[in-house]
Structures are given as structure tokens and as C-alpha cells.
Amino acid sequence: MAVERTLSIIKPDATERNLTGKINSYIEAAGLRIIAQKRIRLTRDQAEAFYGVHKERSFFGELVDFMVSGPVVVQLLEGENGIAAYREVMGATNPANADAGTIRKDFAIDVQNNSVHGSDAPETAAVEASFFFSEIEIVG
Ligand code: RTP
Ligand code: MG
């Protein structure tokens, strides 16, 4: 196993309900370290670019509307097998299918308002990290 970094976003449904600290406690309990973090408001261009891989999907417009609807907290996480470790504690995309004890099971509202994003592979993690953070913002 290798130490990996992964990009996390605490989504608008969660910041709206003041859940940042609770979600961070799940992240840290999973053995991941928050090595960079900031609260921002995504522009429509940024949200469209970030989720560009989904632009042909039926839910793309709604997804972008949701991601710009309020503040988000973007974070860089680091830990052993970090990408998979975070996906595991996030739980399934649809909270109805998420395992007990996961962030989405405990906090998500529905398949769209699902509280967190996590990178899905080393290549996307690197691209997503540099989308939001410069080297001087990261203290590993
Ligand atoms: P994410 O990229 O945010 O970490 O989520 P994911 O990998 O678990 O799911 P993905 O398939 O990449 O979908 C990205 C986000 O789009 C919204 N979504 N809405 N209405 C729908 O059927 C639907 N499906 C997905 C969710 O916010 C999902 O996390
Ligand atoms: Mg995804």
C-alpha cells in the first residue's frame, strides 16, 4: 500500500446544514489527514469544468446548479491507500445503497445531495488537486 492524496469536496447540502466538522471527524477516524482545506463558492464555469466528465449525462445541469447553490469546502486528504480509503468512508453515491457508518449513509439527503465528493483514481486525484490547490497551500 502507498500513501496517496485524494481531493474531497464537502458539498452545499452539507455546508448548509453545518456538517463540516462532523464530516471531518469521519475523515480523520478513517485514518486520513486533512493536509489542505478551504471554503469557497464555485462559479458555474468551475463546477462545469470540475464535473466535465458527466457533461453528457441527464443530471449534469441539475448537478451544476446544486454545486453552485452554496459554499463548498474543498480539501486535500492524505493517507495509506487514500483514494480507496476515502471512497469507503464516503459510501455509495446513492445514500439508500450506502453502508452503515459511512458519511453518505449518515448525512446525505439523496443521490444528488450526497454531501461529499472524492476522487476516483490517482490520475483524477492529481488533476482535481491542482484544480483547487497550489503547492504552497499544501502542507503534507
Ligand atoms: P462524486 O464524483 O461527487 O464523488 O460522486 P460519485 O463518484 O459517487 O458519483 P458520480 O457518478 O461521479 O456522480 C457525480 C455526482 O453527480 C450527482 N449525481 N446525480 N441525479 C442523479 O441520478 C445523479 N447521479 C449522480 C451526485 O452528486 C454525484 O455524487
Ligand atoms: Mg465521481
Side-chain angles (χ1 to χ4, degrees):
M1 275 204 297
V3 173
E4 286 176 340
R5 291 177 177 181
T6 190
L7 191 282
S8 164
I9 304 178
I10 299 178
K11 295 183 180 181
D13 70 285
T15 61
E16 213 270 328
R17 289 175 290 147
N18 211 16
L19 292 171
T20 299
K22 285 207 176 78
I23 289 173
N24 281 351
S25 74
Y26 280 57
I27 290 170
E28 291 178 338
L32 295 158
R33 186 177 300 275
I34 301 164
I35 62 169
Q37 174 169 265
K38 58 190 170 189
R39 177 174 157 107
I40 60 173
R41 183 115 189 196
L42 290 177
T43 66
R44 186 161 290 273
D45 281 354
Q46 287 171 330
E48 286 176 353
F50 185 81
Y51 275 123
V53 65
H54 294 310
K55 66 175 178 293
E56 307 302 335
R57 309 283 289 276
S58 58
F59 60 77
F60 182 68
E62 273 178 42
L63 172 59
V64 171
D65 287 346
F66 164 56
M67 292 300 293
V68 303
S69 68
V72 298
V73 176
V74 294
Q75 316 173 293
L76 200 55
L77 312 181
E78 184 177 80
E80 284 289 330
N81 210 14
I83 294 167
Y86 190 42
R87 299 286 303 188
E88 193 172 326
V89 71
M90 285 165 58
T93 307
N94 187 339
N97 303 325
D99 290 338
T102 63
I103 293 167
R104 284 167 166 169
K105 182 66 170 187
D106 291 351
F107 301 120
I109 296 168
D110 57 32
V111 68
Q112 175 177 270
N113 296 269
N114 62 1
S115 302
V116 284
H117 160 82
S119 306
D120 57 16
E123 300 72 30
T124 48
V127 171
E128 292 177 3
S130 59
F131 191 93
F132 289 113
F133 294 104
S134 66
E135 271 310 310
I136 59 163
E137 293 177 295
I138 301 167
V139 183

Asker: Between Val74 and Phe50, is a side chain to side chain contact (heavy atoms under 4.5 Å, CB included) present by the stated rule, with each step listed?
Answerer: CA-CA 12 Å; Val74 294; Phe50 185 81; over 6 Å; no
Asker: Could you see if Val116 belongs to whatever hydrophobic cluster contains Ile9? Use Ile, Leu, Val, Met, Phe, Trp, Tyr and a side-chain cutoff under 4.5 Å.
Answerer: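 Each belongs to a different hydrophobic cluster.
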Asker: Asp65 and Arg44: side chain to side chain contact (heavy atoms under 4.5 Å, CB included), yes or no, with the steps?
Answerer: CA-CA 8 Å; Asp65 287 346; Arg44 186 161 290 273; 3.1 Å; yes
Asker: Just by distance, do the side chain of Arg5 and the backbone of Ile35 share a donor-acceptor pair under 3.5 Å?
Answerer: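 Absent.
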Asker: Any side-chain heavy atom of Phe60 sitting closer than 4.5 Å to one from Glu48?
Answerer: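 Yes, close enough: below the 4.5 Å cut-off.
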Asker: For Asp120, is there any backbone N or O sitting under 3.5 Å from a side-chain donor or acceptor partner on Arg87?
Answerer: no
Asker: Applying side chain to side chain contact (heavy atoms under 4.5 Å, CB included) to Arg17 and Ser115, what does each step give before you reach the verdict?
Answerer: CA-CA 10 Å; Arg17 289 175 290 147; Ser115 302; 3.5 Å; yes
Asker: Could you tell me the separation between the CD1 atom of Ile10 and the CD atom of Glu16, rounded to the nearest 0.5 Å?
Answerer: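 Answer rounded to 0.5 Å: 14.5 Å.
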Asker: For residues 127-140, which side-chain donor-acceptor pairs fall under 3.5 Å, sequence neighbours excluded?
Answerer:
from	atom 1	to	atom 2	distance (Å)
Glu128	OE1	His117	NE2	2.9
Glu128	OE1	Ser119	OG	2.7
Ser130	OG	Ala126	O	3.2
Ser130	OG	Val127	O	3.1
Ser134	OG	Glu137	OE1	3.4
Glu137	OE1	Lys38	NZ	3.3
Glu137	OE1	Ser134	N	2.9
Glu137	OE2	Lys38	NZ	3.0

Asker: Donor-acceptor pair, distance only, cut-off 3.5 Å: does the side chain of Asn114 make one with the backbone of Val111?
Answerer: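 At least one qualifying donor-acceptor pair exists.
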Asker: Kindly indicate whether the side chain of Asp106, heavy atoms from C-beta on, has any atom under 4.5 Å from the side chain of Lys22.
Answerer: no
Asker: Flag yes if Ile23 and Ile109 sit in one hydrophobic cluster, no otherwise; membership is Ile, Leu, Val, Met, Phe, Trp, Tyr, and two members link when side-chain heavy atoms are under 4.5 Å apart.
Answerer: no
Asker: Are Gln112 and Phe59 packed together at the side-chain level, in the sense that at least one heavy-atom pair is separated by less than 4.5 angstrom?
Answerer: no
Asker: Check whether Gln46 reaches the backbone of Thr43 with its side chain - one donor and one acceptor, N or O, closer than 3.5 Å.
Answerer: yes
Asker: Apply side chain to side chain contact (heavy atoms under 4.5 Å, CB included) to residues Leu63 and Arg57 and explain how you reach the verdict.
Answerer: CA-CA 10 Å; Leu63 172 59; Arg57 309 283 289 276; over 6 Å; no
Asker: Between the side chain of Glu4 and the main-chain N/O of Ile83, is any donor-acceptor distance below 3.5 Å?
Answerer: yes
Asker: Do the non-hydrogen side-chain atoms of Leu7 and Tyr86 ever get within less than 4.5 Å of each other?
Answerer: no
Asker: Roughly how far, to the nearest 0.5 Å, is CG of Leu19 from NZ of Lys11?
Answerer: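 If I round to the nearest 0.5 Å, the distance is 14.0 Å.
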Asker: Could you tell me if the side chain of Thr93 sits less than 4.5 Å from the side chain of Arg104, heavy atoms only?
Answerer: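 They are in side-chain contact.
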Asker: Please report the interatomic distance OG1(Thr20) to CD(Gln37), rounded to the nearest 0.5 Å.
Answerer: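 Going from OG1 on Thr20 over to CD on Gln37, the span is 7.5 Å.
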